[in-house]
Amino acid sequence: MVCHSCHNQNLLGAIFCLDCGTSLLPQDRKRDTTAMLGARPGARSSQASSSGISASVLRGERRLRATVINNGRHINVPLAVPVLIGRQDSARGFFPDLDLNNDGGYDSGVSRRHARISVNGEAAYIEDLESANGTFINDQRVPPRKLYHLKASDELRLGSLILRIEQI
């Protein structure tokens, strides 16, 4: 698979170019970021729209609910698949599931691919993805590429941006 940006040869099925980091996904397969979720028409089912309850909650999906302490924004993210946290950079092909650009992510030192939250059974885990400014749970640094248990009431710091985990 050849990168359209730098022409580097990548393995078949690669999502990002190993040389320049450009997304190798077709334009129509790039995922929306959390900054765009409010703008998507039809994001709720008709039953959910009338009751004010999100469609995923009606289906019983596991979700992460958190507040960005720096600005008070509430985040509600489904955990059906691992959630990539970082900053969107369209020019370089970075499209995290939880985009912290609008929360001061750049100034707070959030990397484009900062951390990942995943669920295994009933437990949720955070993994630092070798970010430049680190990931911390309750002021304890999370070593890169190791899974650490995440629970409600934890304070998650990415660089200097703080998320208070309210529900998992």
Side-chain angles (χ1 to χ4, degrees), residues 3-6 8 10-11 13-40 43 56 61-120 124-151 154-168:
C3 174
H4 66 275
S5 181
C6 72
N8 182 51
N10 291 278
L11 296 173
I15 296 173
F16 295 101
C17 175
L18 291 174
D19 193 43
C20 71
T22 297
S23 174
L24 299 176
L25 293 175
Q27 286 294 95
D28 62 338
R29 292 226 19 231
K30 289 182 181 173
R31 297 170 59 175
D32 289 342
T33 65
T34 54
M36 295 184 274
L37 287 177
R40 287 193 330 191
S56 59
E61 291 177 0
R62 190 116 184 242
R63 301 183 75 72
L64 167 90
R65 196 172 70 214
T67 299
V68 180
I69 300 303
N70 304 45
N71 64 10
R73 178 171 78 106
H74 298 287
I75 297 171
N76 203 7
V77 181
L79 293 174
V81 295
V83 175
L84 176 63
I85 303 170
R87 291 184 297 107
Q88 178 178 326
D89 183 344
S90 301
R92 291 192 174 97
F94 291 99
F95 297 92
D97 303 307
L98 178 51
D99 177 20
L100 297 173
N101 259 333
N102 292 338
D103 301 298
Y106 180 81
D107 292 334
S108 297
V110 175
S111 297
R112 291 176 188 95
R113 289 179 31 88
H114 198 102
R116 180 176 26 240
I117 296 177
S118 57
V119 173
N120 185 356
Y125 297 92
I126 183 103
E127 173 187 10
D128 180 82
L129 300 176
E130 299 176 0
S131 63
N133 294 304
T135 301
F136 298 79
I137 298 176
N138 303 322
D139 290 324
Q140 297 295 314
R141 188 177 186 114
V142 174
R145 300 291 178 186
K146 302 230 186 251
L147 296 176
Y148 281 83
H149 187 250
L150 189 61
K151 59 190 180 314
D154 278 344
E155 193 172 272
L156 181 61
R157 184 164 45 97
L158 309 164
S160 64
L161 191 138
I162 299 170
L163 302 173
R164 180 174 299 124
I165 307 301
E166 297 165 357
Q167 177 185 345
I168 296 183

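What you are looking at is a predicted structure, and each value in this text was computed from that prediction instead of being measured.
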| Beyond-backbone contact of Tyr148 with Glu127, side-chain heavy atoms, under 4.5 angstrom | no

| said: Are Asp103 and Asn70 packed together at the side-chain level, in the sense that at least one heavy-atom pair is separated by less than 4.5 angstrom? | reply: no

| Any side-chain heavy-atom pair from Arg145 and Glu130 closer than 4.5 angstrom? | yes

| Hey, are the side chains of Arg157 and Asp139 touching, using non-hydrogen atoms and a 4.5 Å cut-off? | yes

| task | Assess whether side-chain hydrogen bond (donor to acceptor under 3.5 Å, both in side chains) is satisfied between Thr67 and Glu166, documenting all intermediate values. | result | CA-CA 7 Å; Thr67 299; Glu166 297 165 357; 2.2 Å; yes

| field | Polar side-chain atom of Asp89 near backbone of Ala91 as donor-acceptor pair, under 3.5 Å | value | yes

| Sidechain-backbone polar pair: Asn138 side chain, Asp154 backbone, donor-acceptor under 3.5 Å | no

| Can you tell which of Arg87, Arg113, Gln88 makes a side-chain contact (heavy atoms from CB on, under 4.5 Å) with Pro96? | Gln88

| message | Between Ser108 and Gly159 (side chain of the first, backbone of the second, donor and acceptor by atom type, cut-off under 3.5 Å), is there such a pair? | response | no

| message | Is there a side-chain contact between Val83 and Leu64 in this structure, where contact means two heavy atoms from C-beta onward sitting under 4.5 Å apart? | response | no

| request: Calculate, to the nearest 0.5 Å, the distance between atoms CG and CD1 belonging to Leu163 and Ile137 respectively. | output: 11.5 Å

| For the atom pair CD1 (Ile117) and CD1 (Ile85), what is the distance rounded to the nearest 0.5 Å? | 3.5 Å

| If only atom types and distance count, is the side chain of Asp99 paired as donor or acceptor with the main-chain N or O of Asn102 below 3.5 Å? | no

| task | Please confirm whether the backbone N or O of Leu129 pairs with a side-chain atom of Arg116, one donor and one acceptor, at under 3.5 Å? | result | no

| task | Indicate yes or no for a side-chain donor-acceptor contact from Asn76 to the backbone of Arg65 under 3.5 Å, with no hydrogens or angles considered. | result | no

| query | Under 4.5 Å between any side-chain heavy atoms of Thr135 and Ile126, yes or no? | reply | yes

| note | Taking every heavy atom of Ile168 against every heavy atom of Leu150, the minimum-distance pair comes out as CD1-O, 3.4 Å

| Any sub-3.5 Å donor-acceptor pair from Asp128's side-chain atoms to Lys146's backbone N or O? | no

| message | With a 4.5 Å cut-off on side-chain heavy atoms, are Leu100 and Arg73 touching? | response | yes

